[in-house]
K.L.:
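One structure, pasted below without further comment.
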2 protein chains.
Amino acid sequence: MGRGKIEIKRIENSSNRQVTYSKRKNGILKKAKEISVLCDAQVSLIIFGASGKMHEYISPSTTLIDILDRYQRASGKTLWDAKHENLSNEIDRLKKENDSMQIELRHLKGEDITSLNYKELMALEDALENGLNGVRGSAQDVQEKCM
Amino acid sequence: MGRGKIEIKRIENSSNRQVTYSKRKNGILKKAKEISVLCDAQVSLIIFGASGKMHEYISPSTTLIDILDRYQRASGKTLWDAKHENLSNEIDRLKKENDSMQIELRHLKGEDITSLNYKELMALEDALENGLNGVRGSAQDVQEKCM
DNA sequence: GGTTCTATATATAAGGT
DNA sequence: TACCTTATATATAGAAC
């Protein structure tokens, strides 16, 4: 694309390389924007030139993190390391703990108990009676203090 | 670049959009390869089309993780640290939810209730009585079924 | 280190199969 | 649907700032 055709191999002359880099970098960034606008695509483009300077384009409809999350799911490759897996595991554990407490709370409030068998219902009844006794005792104490 | 000039805005005709996507996706992937070969650039290009299918190019001289590390250093933005933070926040949220359910459960079991005031105790008593009524009703149903 | 100027190489829009 | 064709729009090599 230009006065002469060039082979696609490293440009040896370093100032030519630099000039070509600058021009093509602009070109590819433009292409990235265009495809995301024209076609609703989500694009992440990150370029480091030989000088170390970075250029990037991320589709406005998304974030890099989002794209990387999707990348991991689509490619099966993992980017975040074991540290994150540990955190994810902890989240799973907490969610399970949460769920079972949620269920226990419902039961104690008399909700969702049709699935319980007789033995479980008796245990629940005991627990509730105990709780009630404790609460009534405590309530009485409080009342007496106020008199 | 073609028989007609097009404006850079979303292509409304979906089959045109799909065709254009496919062509431009190939074009930009080619450009990404070219700039990395010609100019020693390190490129990461990830594209998700509207269909959800992913395409990527990473310069052979590097890895995505490497580029992302450099991205974080160069941009000052955090990626996995941000991810890490999100996970940590979720853990905090779940732990708080957990704690408050824990407390509610203890109260319903008559534990740790000395810190409650009279009004709170009355509300707790109501909740327990309600629960007990529900459980007793349900237990009776079960018993009748078995007879 | 980037730009601008052109001639030329490439990419691709619209159409056909 | 996806792949050819081809006229046209764009990108860019080389040269000069």
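Per chain, numbering begins at 1; letters A, B, ... match sequence-line order.
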K.L.:
Whole Å only: how far is the CD1 atom of A:Ile28 from the P atom of C:dT10?
P.N.:
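Distance, rounded to whole Å: 17 Å.
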K.L.:
Please determine, for the side chain of B:Arg24, which listed nucleotide (C:dG2, D:dA13, C:dT12) has the closest atom?
P.N.:
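Nearest listed nucleotide: C:dT12.
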K.L.:
Hey, does B:Ser22 reach any base, or is it just sugar-phosphate, or nothing, if we go heavy atoms under 4.0 Å?
P.N.:
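The answer is nothing, as B:Ser22 stays clear of every strand by at least 4.0 Å.
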K.L.:
Can a donor-acceptor pair be found between the side chains of A:Gln42 and A:Ser61 at a distance below 3.5 Å?
P.N.:
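Note: A:Gln42 and A:Ser61 side chains meet the donor-acceptor criterion.
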K.L.:
For the side chain of B:Thr20, starting at C-beta, report the closest nucleotide among C:dT10, D:dA9, C:dA13.
P.N.:
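Selected nucleotide: C:dA13.
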K.L.:
Select from B:Ile6 and B:Leu38 the residue whose nearest nucleotide in DNA chain D is closer to the 5' end of that strand.
P.N.:
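Whichever sits nearer the 5' end wins; that is B:Ile6.
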K.L.:
Rounded off to whole Å, could you give me the CD-to-P distance for the A:Glu7 and C:dA9 pair?
P.N.:
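Computing the A:Glu7:CD to C:dA9:P distance gives 15 Å.
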K.L.:
Rounded off to whole Å, could you give me the CD-to-P distance for the B:Gln18 and D:dT1 pair?
P.N.:
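It works out to 7 Å between those atoms.
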K.L.:
Determine the contact category for B:Ser15: base if any of its heavy atoms lies under 4.0 Å from a base atom, sugar-phosphate if only primed atoms, P, OP1 or OP2 are that close, otherwise nothing.
P.N.:
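If one applies the 4.0 Å heavy-atom cut-off, B:Ser15 turns out to touch nothing in the nucleic acid.
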K.L.:
Determine, for A:Arg10 against A:Glu12, whether the closest basic-nitrogen to carboxylate-oxygen distance falls under 4.0 angstrom.
P.N.:
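Yes.
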K.L.:
B:Lys23 near the nucleic acid: base, sugar-phosphate alone, or nothing, with a heavy-atom cut-off under 4.0 Å?
P.N.:
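If one applies the 4.0 Å heavy-atom cut-off, B:Lys23 turns out to touch a base.
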K.L.:
Which is more 5' along DNA chain C, the nucleotide nearest A:Lys25 or the one nearest B:Met1? Just name the residue.
P.N.:
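Its nucleotide being nearer the 5' end, the pick is A:Lys25.
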K.L.:
Around atom CD of A:Glu7, are there more than 12 heavy atoms of other residues, nucleotides or ligands at under 6.0 Å?
P.N.:
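Open.
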K.L.:
In whole Å, I'd like the distance from the CD atom of B:Glu34 to the C1' atom of C:dA9.
P.N.:
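After rounding, the gap between these two atoms is 11 Å.
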K.L.:
Which whole-number value in Å describes the distance from A:Lys30 NZ to D:dT12 P?
P.N.:
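Rounded to the whole Å, the gap is 9 Å.
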K.L.:
Check the distance between D:dT10's C1' and A:Asn26's CG and give it to me in whole angstrom.
P.N.:
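A:Asn26 atom CG is separated from D:dT10 atom C1' by 14 Å.
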K.L.:
Okay, side chain of A:Glu144, backbone of A:Asp141: is any donor-acceptor separation there less than 3.5 Å?
P.N.:
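No, because the side chain of A:Glu144 does not come within donor-acceptor range (under 3.5 Å) of the backbone of A:Asp141.
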K.L.:
Taking only the side-chain nitrogens and oxygens of B:Lys31, find out if one of them lies under 4.0 Å from OP1 or OP2 of D:dT12.
P.N.:
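True: B:Lys31 side-chain N/O within range (under 4.0 Å) of D:dT12 OP1/OP2.
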K.L.:
Can we say A:Lys95 and A:Glu90 salt-bridge, meaning some charged N sits less than 4.0 Å from an Asp/Glu carboxylate O?
P.N.:
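Here A:Lys95 does not pair with A:Glu90 in a salt bridge, since their nearest N and O are not under 4.0 Å apart.
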K.L.:
Rounded to whole Å, please give me the gap between CZ in A:Arg17 and C1' in C:dG2.
P.N.:
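Those two atoms, CZ and C1', are 17 Å apart.
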K.L.:
Rounded to the nearest Å, what distance is computed from the CD1 atom of residue A:Ile8 to the P atom of nucleotide C:dA11?
P.N.:
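It works out to 9 Å between those atoms.
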K.L.:
Could a donor-acceptor pair under 3.5 angstrom be found where the side chain of A:Arg3 meets the base of D:dT12?
P.N.:
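Donor-acceptor pair under 3.5 Å: no.
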